[in-house]
Number of protein chains: 2
Amino acid sequence: MAHEVEQRALARYLEEHSLKHTKQREAILDVFLEAKGHITSEDLYQAVRSRHAQIGYTTVYRTMKLLCEAGLAHEHNFDGTARYEIAHEHHDHLVCTRCGKIIEFECEMIESAQNRIAASYGFRVLRHRHELYGHCAECQTSRHSDS
Amino acid sequence: MAHEVEQRALARYLEEHSLKHTKQREAILDVFLEAKGHITSEDLYQAVRSRHAQIGYTTVYRTMKLLCEAGLAHEHNFDGTARYEIAHEHHDHLVCTRCGKIIEFECEMIESAQNRIAASYGFRVLRHRHELYGHCAECQTSRHSDS
DNA sequence: CTGAAAATGAATGTGATTTTCAATTTCATT
DNA sequence: AATGAAATTGAAAATCACATTCATTTTCAG
């Protein structure tokens, strides 16, 4: 079994919460970690299914929620359908509305400006979303690049 | 008929797009402009209905899409249901996940940082969303204020 | 090995949004 | 004012993503 660090993290989370360690959860985590990028539940289900035909959509769906709770995955919603990415350092996204490409970026200055603004309203920030939608470099140079 | 400036803007948009000027559209725009804040389609439908009992949900729904296209309204989606606000200067949102309060803020520094980042990727930004979710000052001081 | 608790997955429910379509309305042109 | 093509309306139904139900199966502590 690959991804031993993550598998162990999942195992620890399950134990700490009196949840059970099943083949399905292990398999779904494995496939998820191999799938690069920002994958939808449906796509992940297809990927899982090609390797483990007996695993149902519901289990994939529930397992992704579980992985989010366990801190192994993050859920995003750019266009009305949830997408999952492997948990890593905090970052925001540039989303190309033509080709669907997603670029990650980080900006310490924006982070601190956010905190300053929230503080000025006495607001306690628990999470945030910051997404820039537009056209990536490739999609601008290809035809139909106006508007 | 109140809101003459906006009504005229709608009329111009309809004309330019060979669409028709109906009582329903006029009435919905009117009620929308009176409703303060960030209103859902459903709430707007109720508000419209109390004054114009014959107008159906579908028409309200479609008219709000139309007003967005005409640039008179903006659609936001903080929690899975669309909300509409009167179009005005660009701003971002602080959303209280306890009481639902929505605070608007602007930050020139963040805007320019965004543009700088996008430019570094050759990305052309058409729109963006920037939302901070957490607890407002009131909800922090009231009971249950932990976690 | 056993049984209580948890997990699975097919089917179904949910809630918001979107589409369909027959009847009605608008409006440029007679 | 009358005409009729094109757009609009609105009730009902369809869609879409997400969430839950429940009978069956699996896990795992004792």
Side-chain angles (χ1 to χ4, degrees), chain A residues 1 7 10-32 38-70 73-84 100, chain B residues 7 10-31 38-70 73-84 100:
Chain A
M1 184 57 53
Q7 290 291 354
L10 172 60
R12 186 170 60 244
Y13 180 85
L14 293 173
E15 235 177 298
E16 283 171 356
H17 293 259
S18 307
L19 301 174
K20 299 193 169 162
H21 193 183
T22 64
K23 332 180 203 327
Q24 286 94 333
R25 286 172 175 170
E26 194 171 319
I28 292 166
L29 172 55
D30 219 35
V31 174
F32 168 61
H38 299 73
I39 197 170
T40 63
S41 320
E42 182 59 35
D43 289 346
L44 184 58
Y45 169 58
Q46 294 305 335
V48 167
R49 172 165 271 262
S50 72
R51 200 97 66 74
H52 308 274
Q54 80 294 352
I55 296 181
Y57 175 82
T58 311
T59 300
V60 174
Y61 165 78
R62 278 187 291 217
T63 299
M64 289 318 298
K65 295 285 179 200
L66 176 72
L67 294 183
C68 287
E69 281 160 24
H74 286 157
E75 184 177 328
H76 289 286
N77 194 311
F78 300 120
D79 60 341
T81 62
R83 284 173 183 276
Y84 297 93
Chain B
Q7 290 292 353
L10 172 60
R12 186 172 57 244
Y13 179 84
L14 294 173
E15 235 177 296
E16 284 170 356
H17 293 260
S18 306
L19 301 174
K20 300 194 168 162
H21 193 180
T22 64
K23 332 180 203 325
Q24 287 94 332
R25 286 171 174 171
E26 194 171 318
I28 292 166
L29 172 54
D30 219 34
V31 174
H38 299 74
I39 197 170
T40 62
S41 321
E42 183 58 35
D43 289 347
L44 184 57
Y45 168 58
Q46 295 305 336
V48 167
R49 171 163 270 264
S50 72
R51 201 97 66 73
H52 308 273
Q54 80 294 351
I55 297 180
Y57 176 82
T58 311
T59 301
V60 173
Y61 164 79
R62 278 187 290 218
T63 300
M64 289 318 298
K65 294 286 179 201
L66 176 72
L67 294 183
C68 286
E69 280 160 25
H74 286 157
E75 183 178 328
H76 289 286
N77 193 312
F78 300 121
D79 61 343
T81 63
R83 286 174 181 276
Y84 297 94

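Below, chains carry the letters A, B, ... as their sequence lines are ordered, and counting in each starts from 1.
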Margin query: For a quick check of understanding: with a heavy-atom distance under 4.0 Å over all strands, which category does A:Arg25 fall into, base, sugar-phosphate or nothing?
Written below: sugar-phosphate
Margin query: Mind checking if A:Thr58 touches a base, just sugar-phosphate, or nothing, with heavy atoms under 4.0 Å?
Written below: base
Item checked: Shortest non-hydrogen contact from A:Ala27 toward A:Ile55 -> CB-CD1, 4.1 Å
Margin query: Within the 4.0 Å heavy-atom criterion, would you say B:Gln24 contacts the bases, only the backbone, or no part of the nucleic acid?
Written below: sugar-phosphate
Notebook entry, point to check: Whole-Å distance between D:dA19 C1' and A:Lys65 NZ?
Noted result: 9 Å
Margin query: Counting only side-chain heavy atoms from C-beta out, which of D:dC18, D:dT21, D:dT9 sits nearest to A:Ala82?
Written below: D:dC18
Check: Of the nucleotides C:dT25, D:dC28, C:dA7, which has the atom closest to the A:Leu19 side chain?
Finding: C:dA7
Next item on the list: Nearest whole angstrom, please: distance from the C1' of D:dA11 to the CZ of B:Arg49.
Entry: 11 Å
Note to self: Taking atom CD as the centre, does A:Glu15 end up with more than 12 heavy-atom neighbours from other residues, nucleotides or ligands that are less than 6.0 angstrom away?
What the structure shows: no
Checklist line | Nearest-nucleotide comparison on DNA chain D, the residue closer to the 5′ end among A:Thr22 and B:Ser18 | finding: B:Ser18
Note to self: Pick the closest DNA chain C nucleotide for A:Val60 and for B:Arg83 by heavy atoms, then say which residue is nearer the 5' end.
What the structure shows: A:Val60
Note to self: Using whole Å, what does the distance between atom P of nucleotide D:dA29 and atom NZ of A:Lys20 come to?
What the structure shows: 9 Å
Check: Base, sugar-phosphate alone, or nothing: which one does B:Glu42 contact when heavy atoms must sit under 4.0 Å apart?
Finding: nothing
Notebook entry, point to check: With distance as the sole test, does B:Glu26 use its side chain to make a donor-acceptor pair with the main-chain N or O of B:Gln7 at under 3.5 Å?
Noted result: no
Item checked: Gap between atoms NE2 and C1', on B:His17 and D:dT8 respectively (whole Å) -> 17 Å
Next item on the list: Determine the minimum heavy-atom distance between A:Arg25 and A:Leu66, stating which atoms define it.
Entry: NE-CD2, 3.6 Å
Check: CG of A:Asn77 versus P of C:dT17: gap in Å, rounded?
Finding: 13 Å
Check: What is the distance, rounded to the nearest whole Å, between atom CD of B:Gln54 and atom C1' of D:dT9?
Finding: 11 Å
Next item on the list: Give the rounded distance in Å between these two atoms: OH of B:Tyr57 and P of C:dG15.
Entry: 14 Å
Next item on the list: Choose from D:dA19, D:dT21, D:dA12 the nucleotide whose nearest atom is closest to any side-chain atom of A:Arg62.
Entry: D:dT21
